[in-house]
Each structure stands twice: as structure tokens, then as C-alpha cells.
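Letters A, B, ... mirror the listed sequences (proteins, then strands); counts begin at 1. Keep in mind it's a predicted model, so treat the numbers as computed, not measured. FYI, side chains are in, hydrogens and waters are out, and symmetry mates aren't considered; it's all heavy atoms of this structure.
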Protein chains: 2
Amino acid sequence: MAKIVHEREDVLPALGEVFREHGFEGASLAIIQARTGLGKGSLYHFFPGGKEEMANAVLAHVDRWFEDEVYRPLREDEDAAAAIARMIAATDAYFRSGQRVCVVGAFALGETRERFAFAVGDYFARWREALRDALVRAGRAPDAAADLSEDAVLSIQGALVLSRAVNDTAVFTRALARLKARLGV
Amino acid sequence: MAKIVHEREDVLPALGEVFREHGFEGASLAIIQARTGLGKGSLYHFFPGGKEEMANAVLAHVDRWFEDEVYRPLREDEDAAAAIARMIAATDAYFRSGQRVCVVGAFALGETRERFAFAVGDYFARWREALRDALVRAGRAPDAAADLSEDAVLSIQGALVLSRAVNDTAVFTRALARLKARLGV
DNA sequence: CGATACTTGTACCAATTAGTACATTAAAGA
DNA sequence: TCTTTAATGTACTAATTGGTACAAGTATCG
């Protein structure tokens, strides 16, 4: 049996899936070991701070992805409408049309929130603000843009909850379609 | 110290808060004992099936409340618009303007869902259908009513996630205000 | 009062939890 | 190659987990 050498970055996706599916409390080291294929030795080598550090790394990883693929385009893209359309497409792809859940959203519910309050709050605040910026650049009034962006961010989270609850990805797809119409893209 | 005699029904609210705040996995017997004021003896006397039975009892309790206060009025009230307005008010009160989270929604995310799939799915499906009925009675076209009701249910869940994530009840209040406007009440 | 059923606290259990210690193995650089 | 650093598996811990057993307490009702 060959010993495979990993690095920290490699395990973040698998780690993310575990926290996504089980939440922070539910993600036991046993599950984490099974899903990452790493033993405790490696896990605590990469994350000396244990589960808490793992969760923080996952949150940072997710945040980086959204910053690159969604928030920055929303803030900086010349074509604001195109950036908004891109956000919808990226959201649909990332959450696999509602089959995948939002780790950050899952952490927001439950007392886990306190522990990761900054990362959780920041992720959503920046999404809301980036979208508001894009809407303003697309010609909306500032107040309307703020309202609309908050509504959009919250609708995506709600769509994830509802589509998972009734076990029907069509719920998520329909919600994104309505969102496109409301956002005018 | 007097020995106080409880009955099953009495502990459901406290039990509900525990699952609400900690989720199913995070709700340890130790926490449950502390919050309900009941020892293991009483707990397993009332709920021989352990945590799973406690969670099912909580879900049923919540379901009953919504059935009585929200779903039935939506289905049966002569004045459909009034029933919808009542739904908004009941929702705001129940979730304490976003300070309280939805147990059913919290269970929907995470692998807990599988275990309580029926209760979770049913709760949301009935909410959506009851609201659709009311909207049709209020004069909407069936298709528009179905779309609008799905959007409303999911917006409430999303508002709970977002308001908790950014730690701001104003998010929830604004979301309900937008909802009232969209539902025309 | 006395019998019966309900309620509760305590002691206990095996399994699992997160985390540590450390020796071994693999890779990288001189 | 030799040395150093990074990565890994194994064995271990102390605490906590959900759950059981059961005796003792309390209420109910004849």
C-alpha cells in the first residue's frame, strides 16, 4: 500500500462536503477521516487547531471562491447585467441546482454561528453589497438596489432550504428563474 | 427540594428550543437535561425512543401549531387576504422577528433530513399549498399563485438564515414587508 | 388508608468523541 | 548520498456520548 502524500489545499473540498452535509457538530473526526482519506496524523498536521481550524479553512476556501467567481465580477465588471447573469449561473452550478447545500448558511443556523460569526456574517454581507453595487451600475436607484440585492441573497438561501426539505431540485431552478426576472437579466 | 411532576406536553417547548439552537446532532442529552430541567429518568420515561422520539415530538408539535394558526386559516378562512395577513403576523411573532430559527428548516439542511424526511417535507409542502389556495381564493391565477406561494415560503426561510447570519433582525422585518407587498395584503 | 400507576434520580454501561504523543516513512535539498 | 523537513499511521488518553436498569418517590383513586 503506497503512502500518498497530500497537502492542505487538497483536502479542503472533501472537508467542505463533510461540514456541508453534517454541520460542525455532526462532522466527527471519524467521518472526516473516512471522507478525506487522511488519518489523524495528517489531519492534525495540516490543522493543528483541530476541527475549528478545519472549519475556518473551509469557510475561507468557500469565501475565496465566491469572491473570485461572484463578488468581484459583480463589483468590477463593466457589464453589470452580465455580471449578475454570471452570478445566477455560478450559483446554479455551485449548489448543483439545489442538491448541494450552503455550508455558510448551515453554520448560520445553530449555535455554531457564534463561533464563526465573522466569517459567516462577512460572506453574506459582501454578497449583498456586491450585488447592490452591480444593480446600481445597471441603473437601479440605490434604495431599490439595496432591497433587491438583499431579497436575492436571501432567496437563494431559502431556495436551498426548501428544495432540500421537499427533496425537489425543481424548486431551486424555479427560484433562480424568478430571481433572474426580478433582477432584470 | 420538592419533586415536581411533569407531563410530556410540558417539555416540548423547551425541547424545541434545544433542537432549534443546536440541531439534532448538537442537542446532547446533557443540554436537554439542563434546559428541560428533567433527568434521564423522566426523559426516557416520556420518550422511550430517545432523542429521535423527542425530535419527532417536537416536529409534530411545531406542525400542529402551524396547522392551527396558519395553514387551516389559509385554507378555510372566508377572507383569504385576511388569512394571508394573519400568516405574516403569525410568522413574525413565531420567529421573533428572526431571532428564532426554524427547527424544520434547520433539520432540512444536514443529513438529519433523511431521518425526518416525511415530517420536514410535509411541513413545507402543506405551507406552500395552503398559501396557494388562499391566493387563488384571493383572485390570483392558479399558476401565479403556485409561484408566489413557493416564493413566499422560501423567502421566509431565507430571511431566517440571512438575518441570523448577519445578526440583524431588520433583515427579517424588511423581508416580511416585501412579502406583504408581493402577496398584496 | 392502601393498592396501583406514574414520575424521577442515581448508578451504570459500552461506544464514541476530540485531541495528543511519537516513531516511522517519504520527499526535497545540499 | 546524507540530512532535514514534511507527512503519516498507530496507540493512547480523558471526557462525553446516548442509552439502560432499577429502586425510591409521588400522585391517583378505590
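Taking atom CD of B:Gln33 as the reference point, atom P of D:dT16 lies 13 Å away to the nearest angstrom. The interatomic distance linking A:Arg8 (CZ) with D:dT8 (P) rounds to 14 Å, in whole Å. Rounding to whole angstrom units, CZ of residue B:Phe47 and P of C:dT7 are separated by 11 Å. What separates CG of A:Leu43 from C1' of C:dG19 is a distance of 11 Å, to the nearest Å.
Under a 4.0 Å N-O distance rule, the pair A:Glu76/A:Arg137 does not qualify as a salt bridge. In this structure, B:Arg20 pairs ionically with B:Glu17, as a charged nitrogen and a carboxylate oxygen lie closer than 4.0 Å. Note on B:Glu67 versus B:Arg75: salt bridge recorded, some NZ/NE/NH1/NH2 to OD/OE distance being below 4.0 Å. Under a 4.0 Å N-O distance rule, the pair A:Asp77/A:Arg86 does not qualify as a salt bridge. Ion pairing of B:Arg64 with B:Asp68 is absent here, as no side-chain N (NZ or NE/NH1/NH2) approaches a carboxylate O to less than 4.0 Å.
In terms of phosphate contacts, B:His6 brings no side-chain nitrogen or oxygen within less than 4.0 Å of OP1 or OP2 of C:dT7. OP1 or OP2 of C:dT7 has at least one side-chain nitrogen or oxygen of B:His45 nearer than 4.0 Å.
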Would you give a per-nucleotide map of nucleotides 17-22 of chain D, 5' to 3', where B means the base has a protein non-hydrogen atom under 4.0 Å away, S means only the sugar-phosphate does, and - means neither?
SBBB--
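The stretch residues 46-70 of chain B participates, sequence neighbours left out, in these ring-ring contact (aromatic ring centres under 6.0 Å, His included) pairs: B:Trp65-B:Tyr94, B:Phe66-B:Tyr94, B:Phe66-B:Tyr123, B:Phe66-B:Trp127.
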